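What follows is a set of notes on a single structure, which appears directly below.
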Number of protein chains: 2
Amino acid sequence: MNIGQAAKASGVSAKMIRYYEETGLIPAAGRTASGYRDYSDTDVHMLRFIRRARDLGFAVAEISELLELWRDESRQSAEVKRLAQGHIAALKKKIADLQDMEHTLSMLVNSCQGDHRPHCPILQRLETDQEDENLPIQPRPGAISRPLL
Amino acid sequence: MNIGQAAKASGVSAKMIRYYEETGLIPAAGRTASGYRDYSDTDVHMLRFIRRARDLGFAVAEISELLELWRDESRQSAEVKRLAQGHIAALKKKIADLQDMEHTLSMLVNSCQGDHRPHCPILQRLETDQEDENLPIQPRPGAISRPLL
DNA sequence: TATTGACCTTCCCATGGTTGGAAGGCCTAT
DNA sequence: ATAGGCCTTCCAACCATGGGAAGGTCAATA
């Protein structure tokens, strides 16, 4: 099977297969007489493993560890579990950070009239030194027309 | 004010200030006779604006738009609101994706014994073709000891 | 005044994961 | 034989950031 067929069968692009080989994530594929890379079903299996792990957000370095454990038939499942738990913790942190951003932005968007007038609490918040959450986010009734800059 | 002082005052590193100038996000700073970049309070103000927007996860290209609106005193707040809403939508999507990953991984971790034995549903899931969520994730009582590869 | 140390300048390099393209060789079908 | 669709390698770009080298400048101190 050449690289294009392996790519289609595994869901990993030919570009990325070559990259993974170059960086040592996967062993160098065998070559045909004319220099084409040649892949077996086992190789495709491994590539699919990699793609699924990437889909779950594992970094390539982490996948490298997972692959070692995958190949090591005497591994302890605790090792794999530990890796996965570490990744879950990282995911949770990232999610929390993004949620913080989203909450702050939603607050600001809710307090923005969104009309033809120039006043905009979003820009105001970006502009001023109010780092805390207790800024006046409710649209003030008699809002001035040019509060910015 | 030289670049180090502007960096300290704005929270944007000197490296990044130069980068923002090079890429056109901010106008080129004035220079002293000896070639040092020179920053005003207004410049620092702008840099702080940029840092806060980055903290909220805006990409530099988005910040460029925000800066234009910030400088445009006749802008309509609806424009800013639209930008922010677009960013919120992107954040929500990213959060949902990460949560999907996290849920799947948590499921797998919960079904993994995490002991000295090699059997591990995490690897099994990565290895096999089960794309749907309805895979047997509960640890089976009489789990086999070498189900992999 | 000379030295020192902390700053500034530009330039290049690296990260991570992926995509794009160019130039040239190979394979297969018509 | 020719066309087109593969394959090969190499080089560059993305985004935002940090590291570091080589050389100039500034301010304070001995």
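Everything numeric in this text was worked out from a predicted model, so none of it was measured. Letters A, B, ... mirror the listed sequences (proteins, then strands); counts begin at 1.
For A/Tyr20 and C/dT18, the shortest distance from a side-chain N or O to OP1 or OP2 is below 4.0 Å. In this structure, A/Arg31 reaches the D/dT9 phosphate: one of its side-chain N or O atoms is under 4.0 Å from OP1 or OP2.
Rounded to whole Å, the distance from CG on A/Leu56 to P on C/dG17 is 15 Å. The distance from atom CD of B/Gln5 to atom P of D/dA27 is 10 Å, rounded to the nearest whole Å. Taking atom CZ of A/Arg51 as the reference point, atom C1' of C/dG17 lies 16 Å away to the nearest angstrom. The separation between A/Ile26 atom CD1 and C/dG17 atom C1' is 14 Å, rounded to whole Å. For B/Ile17 and C/dT9, the CD1 to C1' distance is 14 Å, given to the nearest whole Å. Between the CG atom of A/Asp38 and the C1' atom of D/dC6 there is a distance of 15 Å, rounded to whole Å. A straight line from CG of B/Leu25 to C1' of D/dT17 spans 14 Å, rounded to a whole angstrom. As rounded to whole Å, 13 Å separates atom P of C/dC7 from atom CZ of B/Arg18.
Between atom CG of residue A/Leu83 and atom CD1 of residue A/Ile88 there is a gap of 11.0 Å, rounded to the nearest 0.5 Å. To the nearest 0.5 Å, atoms CE (A/Met101) and CD1 (B/Ile95) are separated by 9.0 Å. Note that CD of B/Glu79 and NE2 of A/His116 are 14.0 Å apart. Values are rounded to the nearest 0.5 Å. Note that CD of A/Gln76 is 13.5 Å distant from NZ of A/Lys81, once rounded to the nearest 0.5 Å. Note: A/Arg125 CZ to A/Leu105 CG = 9.5 Å, rounded to the nearest 0.5 Å.
The stretch residues 86-93 of chain A does not touch DNA chain D, since none of its heavy atoms comes less than 4.0 Å from the strand.
Comparing A/Ile3 and B/Ala61, the nucleotide of DNA chain D nearest to each residue sits closer to the 5' end for A/Ile3.
A/Tyr36 and A/Met16 sit in two unconnected hydrophobic clusters of ILVMFWY residues. Membership requires side-chain heavy atoms under 4.5 Å apart, directly or through other members.
When heavy atoms are screened at a 4.0 angstrom cut-off, A/Arg37 is found touching the sugar-phosphate backbone but no base atom.
For B/Arg37, the salt bridge (charged side-chain N to carboxylate O under 4.0 Å, His left out) criterion is met by B/Glu21, not counting sequence neighbours. A search for salt bridge (charged side-chain N to carboxylate O under 4.0 Å, His left out) contacts involving A/Asp100 returns nothing, not counting sequence neighbours. Scored by the salt bridge (charged side-chain N to carboxylate O under 4.0 Å, His left out) test, B/Asp115 finds B/Arg117 as partners (sequence neighbours excluded).
Put simply, the side chain of B/Val12 reaches to within 4.5 Å of the side chain of B/Tyr20, judged on heavy atoms. Annotation: side chain of B/Arg48 is in contact with side chain of B/Val44 (closest heavy-atom distance under 4.5 Å).
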task: Could you walk me through whether A/Ser64 and A/Glu68 pass the side-chain hydrogen bond (donor to acceptor under 3.5 Å, both in side chains) test, one step at a time?
output: CA-CA 6 Å; A/Ser64 184; A/Glu68 272 187 50; 4.7 Å; no

- prompt: For nucleotides 23-30 of chain C, read 5' to 3', which letter fits each nucleotide if B means a protein heavy atom sits under 4.0 Å from the base, S means only the sugar-phosphate is that close, and - means neither?
  reply: --BBS---

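The B/Met16 side chain lies nearest to D/dG18 when the options are C/dC8, C/dT18, D/dG18.
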Got a list of protein N/O to nucleotides 10-15 of chain D N/O distances below 3.5 Å?
none

